[in-house]
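Data block below; observations after.
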Number of protein chains: 2
Amino acid sequence: MDLSNKQITVIFKALCDENRVQIFRLLQGGERCACELLDEMQLSQPTLSHHMKILCDSGLVVGRKEGKWTHYSISADGAEAAIKCISELTAVTETEGKRCCGE
Amino acid sequence: MDLSNKQITVIFKALCDENRVQIFRLLQGGERCACELLDEMQLSQPTLSHHMKILCDSGLVVGRKEGKWTHYSISADGAEAAIKCISELTAVTETEGKRCCGE
DNA sequence: ACCTCATATTGAAAATTTTCTATATTATAT
DNA sequence: ATATAATATAGAAAATTTTCAATATGAGGT
């Protein structure tokens with residue numbers, strides 16, 4: 001993959017806010033339009049819109065416009081990419097114990 | 001697992017900052033003490049210490065104290081837990097298309 | 001006991017993020 | 001064309017996060 005540090009932060013910013021995590025829980029039940037999400041969240045409409053932008057920017061959520069509505073859903077591809085990213089970042093490539101600081 | 005929204009944000013906060021992502025890249029080479037990390041990052045010592053606290057709080061990094069030094073490394077268990085968390089959060093449990101907003 | 005080294009904590013400034021109100025945009029209906 | 005409905009954008013206030021300087025803590029060494 002080879003994402004920049006910056007790109008990685010954009011992905012995981014999706015999960016750094018309690019409201020956005022809650023939105024994931026709502027989207028687990030399938031595609032939802034913004035108005036439905038707004039009903040269930042204690043947020044103003046512009047604030048929800050702001051969070052949806054961050055979620056879409058992360059790639060973990062996709063928006064589908066249809067007439068007046070925008071339908072949001074979890075992206076399986078985005079989720080896979082995020083998991084791959086975290087796997088790669090946490091994979092230790094160390095072959096053997098290099099020691100430091102007087103060990 | 002069943003983590004609260006808040007607990008989930010604590011995990012992924014680790015990956016929401018470019019400096020912290022860079023610290024992961026350094027730790028991929030194996031355990032490092034704070035002074036080594038400090039050498040390689042453009043940060044003051046207190047700022048590094050602050051980031052290491054956030055990383056340890058996330059569970060993705062563990063600190064091991066040894067004499068004057070603290071040695072940090074990536075936690076395989078923490079990584080696994082984070083991956084499980086993101087998998088669960090992005091798993092769509094929808095059985096069939098429920099429609100809304102005039103579809 | 002004192003000094004030094006490694007790291008952590010405190011407290012405040014700077015930067016970023018979250019939130020809201022007001023307004024704009026875009027689509028559909030009348 | 002006008003009105004209404006759904007969502008997005010702009011701009012500013014509030015909250016949080018990042019950062020650093022100063023200081024504290026704690027572990028060895030002399």
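FYI, side chains are in, hydrogens and waters are out, and symmetry mates aren't considered; it's all heavy atoms of this structure. None of these values were measured; they are calculated from a predicted model. Just so it is clear: chains get the letters A, B, ... in the order the sequence lines come, proteins before strands, and each one is counted from 1.
In this structure, the CE atom of B:Met52 is 14 Å from the P atom of D:dT19, given to the nearest Å. For the pair B:Leu38 CG and D:dC20 P, the interatomic distance rounds to 10 Å; values are reported in whole Å. Straight-line distance from the NE2 atom of B:His71 to the P atom of C:dT7: 8 Å, rounded to whole Å. Rounded to whole angstrom, the span from the CD atom of A:Glu18 across to the P atom of D:dT16 amounts to 10 Å. Taking atom NZ on B:Lys65 and atom P on C:dT7, their separation rounds to 9 Å, with Å as the unit. Straight-line distance from the NZ atom of B:Lys68 to the C1' atom of C:dA6: 7 Å, rounded to whole Å. One interatomic measurement links the two molecules: CD of B:Gln22 to C1' of D:dT18, which rounds to 17 Å at whole-angstrom precision. The nearest whole Å value for the distance from the CZ atom in A:Arg64 to the P atom in D:dA6 is 16 Å.
The nucleotide whose nearest atom lies closest to any side-chain atom of A:Lys53 is, among C:dA6, D:dT9, C:dA8, D:dT9.
The side-chain contact (heavy atoms from CB on, under 4.5 Å) test applied to B:Ser58 returns B:Ala14, B:Leu60, not counting sequence neighbours. Scanning for side-chain contact (heavy atoms from CB on, under 4.5 Å) contacts around B:Asp17 gives B:Asn19, B:Arg20, B:His51, with sequence neighbours left out. For A:Lys68, there are no salt bridge (charged side-chain N to carboxylate O under 4.0 Å, His left out) partners at least two apart in sequence or on another chain. Remark: B:Gln28 pairs with no residue by the side chain to side chain donor-acceptor pair (under 3.5 Å) rule, at least two apart or across chains.
Contacts of A:Thr70 with the nucleic acid, taken as non-hydrogen atoms under 4.0 Å apart, involve only primed sugar atoms and P, OP1 or OP2.
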What pairs of donor and acceptor atoms, side-chain ones from residues 76-86 of chain B against any protein atom, are under 3.5 angstrom apart with sequence neighbours left out?
none

List the atom pairs, donor and acceptor, that lie under 3.5 Å between side-chain atoms in residues 40-50 of chain B and the rest of the protein, sequence neighbours left out.
| from | atom 1 | to | atom 2 | distance (Å) |
| --- | --- | --- | --- | --- |
| B:Ser44 | OG | B:Thr47 | N | 3.3 |
| B:Ser44 | OG | B:Thr47 | OG1 | 2.9 |

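Listed here is the closest heavy atom pair of A:Val21 and A:Leu15: CG2-O, 3.9 Å.
Comparing the start and finish of the helix from C:dA1-D:dT30 to C:dT30-D:dA1, five pairs each, the helix axis swings through 20°, to the nearest 10 degrees.
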Pull out every protein N or O sitting under 3.5 Å from an N or O of nucleotides 17-23 of chain C, one pair per line with the distance.
| from | atom 1 | to | atom 2 | distance (Å) |
| --- | --- | --- | --- | --- |
| C:dT17 | OP1 | A:Lys13 | NZ | 2.9 |
| C:dT18 | OP1 | A:Arg20 | NH2 | 3.2 |
| C:dT18 | OP2 | A:Arg20 | NH1 | 3.4 |
| C:dT19 | OP1 | A:Asn19 | ND2 | 3.0 |
| C:dT19 | OP2 | A:His51 | NE2 | 2.4 |
| C:dC20 | OP2 | A:Ser44 | N | 3.1 |
| C:dC20 | OP2 | A:Ser44 | OG | 2.9 |
| C:dC20 | OP2 | A:Thr47 | OG1 | 2.8 |

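Residue pairs meeting the disulfide bond (SG atoms under 2.5 Å apart) criterion with at least one member in residues 7-45 of chain A, sequence neighbours excluded: A:Cys16-B:Cys16.
In terms of position along DNA chain D, the nucleotide closest to A:Tyr72 lies nearer the 5' end than the nucleotide closest to the other residue of the pair B:Gly67 and A:Tyr72.
The hydrophobic cluster containing B:Leu26 also contains B:Phe24, counting ILVMFWY residues as joined when their side-chain heavy atoms lie under 4.5 angstrom apart, directly or transitively.
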